[in-house]
K.L.:
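Take a look at the following structure, please.
Every number for a ligand or one of its atoms is a count from 1 in the order of the listing. Numbers for residues simply follow the sequence, beginning at 1. For clarity, every value in this text was computed on a predicted model and none was experimentally measured. Side chains included, hydrogens not; waters and symmetry mates left out as well; all remaining heavy atoms used.
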Amino acid sequence: MKKTWWKEGVVYQIYPRSFKDSSGDGVGDLKGIIEKLDYLKELGVNIIWLSPIYQSPNDDNGYDISNYRRVMKEFGTEEDFNELLKEMHTRGLKLIMDLVVNHTSDEHEWFAKSRKSKDNPYRDYYIWKDGKGENLPNNWESFFSGSSWEFDEKTKQYYLHLFSKKQPDLNWENVKVRNEVYDMMKFWLDKGIDGYRMDVINFISKVPELPDGEKAEKDLYGNSFPFTANGPRVHEYLQEMNRKVLSKYDIMTVGETPGITPEIAQLYVNEDRNELNMLFQFELMDIDSGDGGKWDVTAWKLTTFKNIMYKWYDALKDKGWNSLFLNNHDQPRLVSRFGNDGEYRTQSAKMLATFIHTWQGTPYIYQGEEIAMTNVKFKNVDDYKDIEIQNMFKEKSQQGVPKDVLLKSIYAKGRDNARTPVQWDNSINAGFSKATPWIKVNSNYSEINVASALEDKNSVFYYYQKLIKLRKEHEVIVYGDIDILLLDHESIFAYTRSYNDEKLLVVLNFYEAEIEFKLEKNLEYEKAELLISNYQVKDHEFCDFLLRPYEARVYLLK
Ligand code: NOJ
């Protein structure tokens with residue numbers, strides 16, 4: 001297996017709007033990030049992924065870009081960006097930017113020109129179609145509710161938008177579009193950034209006939225999915241992008257790819273194919289979605305969790321690479337979803353972190369995760385700012401779904417769970433801003449905040465710090481092969497990692513109930529050294545012991 005810095009590193013994701021406001025307008029900004037770089041350095045991460053910071057009308061908080069080469073005014077200036085990059089590189093931190101090129105904002109100048117007339121040179125930058133008589137061009141649904149077609153009065157045609165109607169899809173069939181994207185990518189890479197996280201990159205090639213879709217048995221990605229995801233030319237485009245841009249720099253790339261299988265993933269990340277380094281897979285994130293999709297929340301099982309993770313590990317082993325995450329700006333907080341955000345908040349957060357940081361792949365930490373921030377429950381729907389939540393709420397309310405049912409789904413799955421401001425201390429607005437924040441702070445900030453985590457040597461923060469340090473000290477954590485123990489066990493997740501003559505044993509109790517762990521496999525070792533645990537472990541007898549609620553132990557076997 002090839003050794004690389006992005007396999008050995010740990011990524012920290014910043015959602016700039018909610019990270020730290022330095023200017024006092026209630027919105028996070030680049031100078032706020034600069035203020036906190038030493039904090040991130042102390043945590044030990046070495047790669048920062050910044051969610052979009054480009055000019056945007058913020059219909060979807062920056063994922064609707066109106067100018068790819070400008071910094072969003074609320075976030076600062078181009079000089080602030082240059083300073084941020086310099087300050088990061090001085091500290092040995094790498095910067096990964098978000099690349100959002102499935103769509104632009106409808107306020108991007110390309111779209112302004114495109115909608116002017118059918119013969120405008122920019123017309124073909126987007127996907128325009130006539131209606132079918134009185135009807136829409138096809139029946140595709142948008143990810144943000146409603147149709148994915150919007151009628152434009154001026155030229156009496158519809159344009160495609162898989163996301164909001166302010167996010168028209170780019171037409172990647174047009175070579176001019178592709179070259180514009182590649183030039184823009186070079187613009188930032190030449191400034192010295194270290195890679196890209198590519199937004200819904202498996203959606204850039206659509207089946208040209210744009211056929212009607214059918215509702216899938218399990219409705220996770222809408223009825224257009226078979227014709228928009230992993231389309232006929234997506235690999236050709238990515239190989240072209242790699243040839244013309246990516247291969248010229250020492251960078252990392254991670255593709256966001258909803259709804260793909262490990263088999264399809266290989267086509268994107270197989271090292272011989274020269275496309276991307278790794279992907280965000282969503283099979284795990286869909287584990288608690290029922291037949292009705294994301295908002296149809298169902299219970300998840302540890303056995304399914306283990307099977308998904310093992311399947312992905314096995315499929316990409318020695319061929320590609322996995323990314324490891326349990327939350328991000330689109331997902332609920334991991335401790336609320338997979339752990340226990342009440343009595344066992346710190347223990348379960350540490351246990352989940354142990355999993356992410358000892359499985360094979362590059363770990364991603366989402367801001368606030370390192371202090372075990374939790375989901376939020378706003379009573380008033382207007383306090384939610386996310387377009388996905390707002391559109392879903394309107395659509396389902398009109399269909400007669402009661403408000404309390406909808407709120408329950410939002411509490412479990414809404415994206416704003418992750419977007420409340422980072423809780424820095426117990427001062428007003430959690431120390432995020434002196435002004436009223438753009439979205440409310442979680443009311444638990446006086447208890448859960450960075451300042452108090454830094455004062456407590458047993459905090460979740462220091463546990464993450466230790467896990468990251470261990471990764472740097474033991475190659476087995478990065479490169480070791482995985483062997484699962486007790487695959488069918490319903491509450492224990494246990495596995496070994498092996499690399500050269502290093503071996504690790506990881507034992508995790510995913511639940512509150514105490515449970516006996518018995519090592520059934522004969523592992524060869526002379527000494528077992530406890531590397532990390534979220535409880536006091538008195539003796540080092542590790543073959544047979546009682547796991548306490550959410551207990552995690554990692555042993556190095558010699
Ligand atoms: C995925 C991003 O992570 C999400 O936040 C965004 O709304 C959509 N793609 C559209 O860009």
K.L.:
Can you classify the ring geometry of Tyr68 versus His108 as parallel (below 30°), tilted (30 to 60°) or perpendicular (above 60°)?
P.N.:
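Aromatic pair Tyr68/His108 classed tilted.
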
K.L.:
So, Asp106 and Gln167: side-chain donor and acceptor under 3.5 Å apart, yes or no?
P.N.:
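No, no side-chain donor-acceptor contact under 3.5 Å.
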
K.L.:
Between Asn138 and Asp212, does any side-chain donor sit less than 3.5 Å from a side-chain acceptor?
P.N.:
no

K.L.:
Looking at Asp199 and Arg197, is any side-chain nitrogen of the basic one under 4.0 Å from a carboxylate oxygen of the acidic one?
P.N.:
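Salt bridge flag = yes for Asp199 with Arg197.
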
K.L.:
Is the shortest side-chain N to carboxylate O distance from Asp288 to Lys413 below 4.0 Å?
P.N.:
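The answer is yes: the pair qualifies as a salt bridge.
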
K.L.:
If you take all heavy atoms of Asp80 and Ile34, which pair is closest and at what distance?
P.N.:
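Nearest pair, atom of Asp80 first, then Ile34: O-CD1, 4.0 Å.
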
K.L.:
Which protein N or O atoms sit under 3.5 Å from any N or O of ligand 1? Give atom names and distances.
P.N.:
from, atom 1, to, atom 2, distance (Å)
ligand 1, 3 (O), Arg197, NH2, 3.0
ligand 1, 3 (O), His329, NE2, 2.8
ligand 1, 3 (O), Asp330, OD2, 2.4
ligand 1, 5 (O), His329, NE2, 3.0
ligand 1, 5 (O), Asp330, OD1, 2.7
ligand 1, 5 (O), Asp330, OD2, 3.4
ligand 1, 5 (O), Arg415, NH1, 3.3
ligand 1, 7 (O), Asp60, OD1, 3.3
ligand 1, 7 (O), Asp60, OD2, 2.5
ligand 1, 7 (O), Arg415, NH1, 2.9
ligand 1, 9 (N), Asp199, OD1, 2.9
ligand 1, 9 (N), Asp199, OD2, 3.1
ligand 1, 11 (O), His103, NE2, 2.9
ligand 1, 11 (O), Asp199, OD2, 2.7

